[in-house]
Amino acid sequence: MVDQHHGGVVPGDRFQELVARVSGQHKQVIGSLVDDLERLGYVERKPDPGDRRAKLICPTERGLFQMEAAASIMRAIEERHAKALGRQEYATFKTALHRVADLQREIQPDSRDARTRSGRLRDQ
């Protein structure tokens, strides 16, 4: 998967562990999500040249297009809210929301939402 902070590709196992930790989901759930994303054509697994046993999870052209579309939608939503609240108030809100999310992950790192336990995506 594309690591937007570093501009590179994250090896599949590390990616699944990272997403599992950040989302509070089991690694197996994330594996199922990656399987679904691959089946839907958003990502593909490629051999890791640095580790013959590992696979890289890489976005396809379709996946990159959807990532950019999602980022554009989020920018528009954030811009709308920033205009409505004022930039400083919106920035303060986002900071507080991030802190609350971080605290929640620290308090309940193993809590799982039963609605997302299956980790299955529906065809769209």
Charged N-O contact under 4.0 Å between Arg99 and Asp102: no
Tyr90 reachable from Ile77 in the ILVMFWY side-chain graph, under 4.5 Å edges: no
Distance, nearest 0.5 Å, that separates CG of Asp48 from CZ of Arg53: 10.0 Å
Per-pair distances, 0.1 Å, donor-acceptor, side chain in residues 65-76, under 3.5 Å, sequence neighbours excluded:
from: Glu68; atom 1: OE2; to: Arg75; atom 2: NH2; distance (Å): 2.8

SG-CD distance between Cys58 and Glu44, expressed to the nearest 0.5 angstrom: 6.5 Å
Note, Glu17 side chain near Lys27 side chain (heavy atom, < 4.5 Å): yes
Pair Leu18-Arg21, side-chain contact (heavy atoms from CB on, under 4.5 Å): steps then yes or no: CA-CA 5 Å; Leu18 172 67; Arg21 187 177 70 246; 3.2 Å; yes
Separation of Asp35 CG from Ile30 CD1 (nearest 0.5 Å): 11.5 Å
Pairs where residues 81-90 contributes a residue and the test salt bridge (Lys or Arg N to Asp or Glu O under 4.0 Å) is met, not counting sequence neighbours: Glu79-Arg87
Partners meeting side chain to side chain contact (heavy atoms under 4.5 Å, CB included) with Glu38 (sequence neighbours left out): Val43, Arg45
Partners meeting side chain to side chain contact (heavy atoms under 4.5 Å, CB included) with Thr92 (sequence neighbours left out): Gln88
Residue pair Leu56 / Pro49, side-chain heavy-atom distance below 4.5 Å: yes
Lys/Arg-Asp/Glu bridge criterion (N-O < 4.0 Å) met for Arg80, Glu78: no
4.5 Å side-chain heavy-atom contact, Leu64 and Glu61: no
